[in-house]
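For reference, the structure is listed below as structure tokens.
Index from 1, following the sequence. Model, not experiment: these values are computed from the prediction.
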Amino acid sequence: MNLDLGPGCRGVAFTARLKEPTAFRSLDTIIFDDVLTNIGSGYNPETGIFKVPFSGRYLFSLTICAQNQKQVWAEILADGVVIGQLAAGDQEIDRASASVSVVAYLDVGNEVHVRETKMWTGYFHGEGFTAFTGLLLQ
């Protein structure tokens, strides 16, 4: 779904999530392939990268969920700088999850993405349990 807010509007917001359980290796970009909202068309579901269309303060929220009794670690990067990180999972817990939200000032053309950071493969649960959201505050 991509809503048109009209000419001159600076509306920017996206929410994307994983459709299926997916394994990502260390430093792989996590590609959220189920796009629910992409106002401003800044998020690319083929690359997993959000490209900043307007300078301003942005809020990003990331929720990760590990597959049954697995572990996942992830971080949000803005132009290569880590702005948020989190981990979830345990050998004795099914579908452990964690969330982080951050606000960052970004310039036009900056790129934001999420990547797996564990030293081995992370097994992320899909079905909407792992999701990435971003929006322009001002």
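Taking all atoms of both residues into account, the shortest heavy-atom contact from Ser55 to Tyr105 is CB-OH, 3.6 Å. Taking every heavy atom of both residues into account, Leu62 and Val114 meet most closely at CD2-CG1, 3.7 Å. Nearest heavy atoms, Pro53 versus Val12: CG-CG2, 3.6 Å.
Considering only residues two or more places apart in sequence or on other chains, Thr117 meets the side-chain hydrogen bond (donor to acceptor under 3.5 Å, both in side chains) condition with none of them. Qualifying salt bridge (charged side-chain N to carboxylate O under 4.0 Å, His left out) partners for Asp34, counting only residues two or more places apart in sequence or in other chains: Arg17. For Thr63, the side chain to side chain contact (heavy atoms under 4.5 Å, CB included) partners are Ser99, not counting sequence neighbours. Applying the ring pair (Phe, Tyr, Trp, His ring centres under 6.0 Å) criterion to Phe129, with sequence neighbours excluded, gives His125. Residues satisfying the side-chain hydrogen bond (donor to acceptor under 3.5 Å, both in side chains) test with Gln71, not counting sequence neighbours, are none.
Between the side chain of Thr130 and the main chain of Cys65, a donor-acceptor pair closer than 3.5 Å is present.
Each of Asn38, Leu36, Ile39 was evaluated against Phe14; a single residue qualifies, Asn38, per the side chain to side chain contact (heavy atoms under 4.5 Å, CB included) test.
Phe50 CZ to Ser41 OG: the interatomic distance, rounded to the nearest 0.5 Å, is 10.5 Å.
Here Leu59 is tied into one hydrophobic group with Val103, Leu135, Leu137, each link being a pair of ILVMFWY side chains closer than 4.5 Å. Other cluster members for Val81: none, since no ILVMFWY side-chain heavy atom sits under 4.5 Å from it. Through chains of ILVMFWY side-chain contacts below 4.5 Å, Val82 is grouped with Leu77.
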Only distances under 3.5 Å count here; give the side-chain donor-acceptor pairs of residues 18-30 to other protein atoms, sequence neighbours excluded, each with its distance to 0.1 Å.
from: Thr22; atom 1: OG1; to: Glu20; atom 2: O; distance (Å): 2.8
from: Ser26; atom 1: OG; to: Lys118; atom 2: O; distance (Å): 2.8
from: Asp28; atom 1: OD2; to: Arg25; atom 2: N; distance (Å): 2.8

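Residues Val102 and Val112 share a single hydrophobic cluster, defined by chaining ILVMFWY side chains whose heavy atoms lie under 4.5 Å apart. Linking Ile, Leu, Val, Met, Phe, Trp and Tyr residues whenever their side-chain heavy atoms come within less than 4.5 Å leaves Trp73 and Ile83 in two separate clusters. Both Phe54 and Val52 belong to a single network of hydrophobic side chains, linked directly or stepwise wherever heavy atoms of I, L, V, M, F, W or Y lie under 4.5 Å apart.
Pairs of residues two or more places apart, or lying in two chains, never qualify as side chain to side chain donor-acceptor pair (under 3.5 Å) while including a residue from residues 43-54.
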